[in-house]
Peer 1: 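Provided herewith is a single structure, encoded as structure tokens, for subsequent inquiry.
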There are 2 protein chains.
Amino acid sequence: MKNVDLNFKHEINGKNLVIAIAQDYKTLEVLMVAYMNKEALQKTFDTGKVHYWSTSRNKIWLKGESSGNFQIVKDIYVDCDEDAILLKVKQIGGACHEGYFSCFFRTMSEKDENGFNLVKKVVKKRVFDPEKVYEEKK
Amino acid sequence: MKNVDLNFKHEINGKNLVIAIAQDYKTLEVLMVAYMNKEALQKTFDTGKVHYWSTSRNKIWLKGESSGNFQIVKDIYVDCDEDAILLKVKQIGGACHEGYFSCFFRTMSEKDENGFNLVKKVVKKRVFDPEKVYEEKK
């Protein structure tokens with residue numbers, strides 16, 4: 001087990017976490033953001049597949065474990081204060097459980113002469129049918 | 001004041017926050033990640049300059065207020081469960097207080113036949129001298 005000496009300073013439900021951003025290594029599209037505890041980071045290093053800490057389920061979460069949409073690690077960057085990492089990944093299928101390549105599939109800003117307006121609008125196309133993908137794995 | 005109806009579910013020091021990622025709108029480089037409370041998001045919309053919630057200083061933080069390195073909002077994306085946003089910005093100067101364009105200026109992975117090794121290594125060049133920039137503004 002490798003030593004992963006980061007600043008796990010984000011305390012959520014009593015767990016010490018770093019923020020982990022996943023970015024497609026080719027298109028540079030930001031795919032999602034979640035947390036990792038030390039064990040999730042170690043498993044990510046050891047397997048080359050991204051593991052997060054699920055703050056809702058309170059457990060390690062291998063991204064793709066139910067959908068098959070794994071994230072294959074290409075590179076990992078760490079930020080200045082070492083409480084966040086940036087994962088460059090090859091995204092199998094799509095990252096979002098709603099069927100999109102990225103979880104950031106909606107904009108919430110439209111600018112006009114009065115400044116920004118808050119209008120949530122889908123601006124991406126689905127890359128898979130979530131009902132089918134999650135159905136198949138049941 | 002516009003209504004910013006998101007899922008401010010990340011509770012840190014008693015504050016309810018969303019995660020906010022800043023990405024250069026042209027190069028798509030991920031610049032930094034921080035948090036926003038509702039007021040920071042509203043100020044971001046109202047001014048077109050990114051405001052975060054500083055969890056260390058417990059206050060609203062206009063990015064660039066001491067360095068002049070503002071982040072000008074070009075677009076804002078929201079993720080599927082609405083607890084994280086992605087800001088496409090024009091970064092003045094550099095995002096990182098250590099003088100780099102992005103806070104993610106180091107990799108922490110080197111891959112060999114044994115898998116990933118944890119070696120933190122600077123892979124970017126400084127774009128400004130932090131001593132000068134923060135000196136001038138004192």
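Letters go in sequence order (proteins before strands), and every chain restarts at 1. Bear in mind that the values here come from a model prediction, so they are computed numbers and not experimental data.
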Peer 1: Which bit of B/Leu17 comes within less than 4.5 Å of chain A, counting heavy atoms only: side chain, backbone, both or neither?
Peer 2: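 For B/Leu17, neither part sits under 4.5 Å from chain A.
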Peer 1: Tell me which of these, A/Glu29, A/Gln23, A/Lys88, has more heavy-atom pairs under 4.5 Å with chain B than the rest.
Peer 2: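 When all of A/Glu29, A/Gln23, A/Lys88 are compared, A/Gln23 has the most.
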Peer 1: Tell me, side chain or backbone of A/Leu87 under 4.5 Å from chain B's heavy atoms, or both, or neither?
Peer 2: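 It is neither, since no heavy atom gets under 4.5 Å.
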Peer 1: Is chain B contacted by the side chain of A/Tyr100, its backbone, both, or neither, given a heavy-atom distance below 4.5 Å?
Peer 2: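 No part of A/Tyr100 comes within 4.5 Å of chain B.
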Peer 1: Rounded to the nearest 0.5 Å, what separates atom CE in A/Met32 from atom CG in B/Leu86?
Peer 2: 13.5 Å
Peer 1: Quick check on the interface: out of A/Asp81, A/Val78, A/Asp79, A/Leu28, who has the most heavy-atom pairs with chain B under 4.5 Å?
Peer 2: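 Looking at each option in turn, the highest pair count goes to A/Val78.
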Peer 1: Kindly give the heavy-atom pair with the smallest separation between A/Cys80 and B/Glu98, and that separation in Å.
Peer 2: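 What the structure gives for the nearest pair is CB-OE2, 3.7 Å.
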Peer 1: Do A/Tyr25 and A/Val30 land in one hydrophobic cluster if side-chain heavy atoms of ILVMFWY residues count as linked below 4.5 Å?
Peer 2: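 Different clusters: A/Tyr25 never reaches A/Val30 through Ile, Leu, Val, Met, Phe, Trp or Tyr contacts under 4.5 Å.
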Peer 1: With a 4.5 angstrom heavy-atom cut-off, is it the side chain or the backbone of A/Thr27 that approaches chain B, or both, or neither?
Peer 2: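 Only the backbone of A/Thr27 comes within 4.5 Å of chain B.
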Peer 1: Just so I know, are the side chains of A/His10 and B/His10 near enough to count as touching, which here means a heavy-atom distance under 4.5 Å?
Peer 2: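 A side-chain contact is absent here, since even the closest heavy-atom pair is not under 4.5 Å.
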Peer 1: Kindly give the heavy-atom pair with the smallest separation between B/Leu6 and A/Met108, and that separation in Å.
Peer 2: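 Scanning both residues completely, I find the closest heavy atoms to be CD1-CE, 4.0 Å.
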Peer 1: What about B/Val127 and B/Phe105, same hydrophobic cluster or not, with Ile/Leu/Val/Met/Phe/Trp/Tyr joined at side-chain heavy-atom distances under 4.5 Å?
Peer 2: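 No; tracing contacts between hydrophobic side chains, which count when under 4.5 Å, never links both residues.
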Peer 1: Against chain B, work out which of A/Cys96, A/Ala84, A/Ser102 has the most heavy-atom pairs shorter than 4.5 Å and name it.
Peer 2: A/Ala84
Peer 1: Which value, rounded to the nearest 0.5 Å, describes the distance between B/Lys121 atom NZ and A/Tyr77 atom OH?
Peer 2: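 Spacing of NZ (B/Lys121) from OH (A/Tyr77) equals 9.5 Å.
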Peer 1: Tell me, for B/Ile21 versus chain A, whether the close heavy atoms (under 4.5 Å) come from the side chain, the backbone, both or neither.
Peer 2: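 Just the side chain, heavy atoms under 4.5 Å.
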Peer 1: Membership question, hydrophobic clusters at under 4.5 Å side-chain separation (ILVMFWY): are B/Val33 and B/Tyr35 in the same one?
Peer 2: yes
Peer 1: Is there a path of hydrophobic side-chain contacts, each under 4.5 Å between heavy atoms, that joins B/Trp53 and B/Phe8?
Peer 2: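 They do not share one cluster, since no chain of ILVMFWY contacts under 4.5 Å joins B/Trp53 to B/Phe8.
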Peer 1: Specify the closest pair of heavy atoms between A/Ile85 and B/Phe104, including all atoms of both residues, with the distance to one decimal.
Peer 2: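 Between these two residues, the closest heavy atoms are C-CE2, 3.7 Å.
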Peer 1: A/Leu62 and A/Ile60: same hydrophobic cluster, using ILVMFWY side-chain contacts below 4.5 Å?
Peer 2: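 Unlinked, A/Leu62 and A/Ile60 end up in two clusters.
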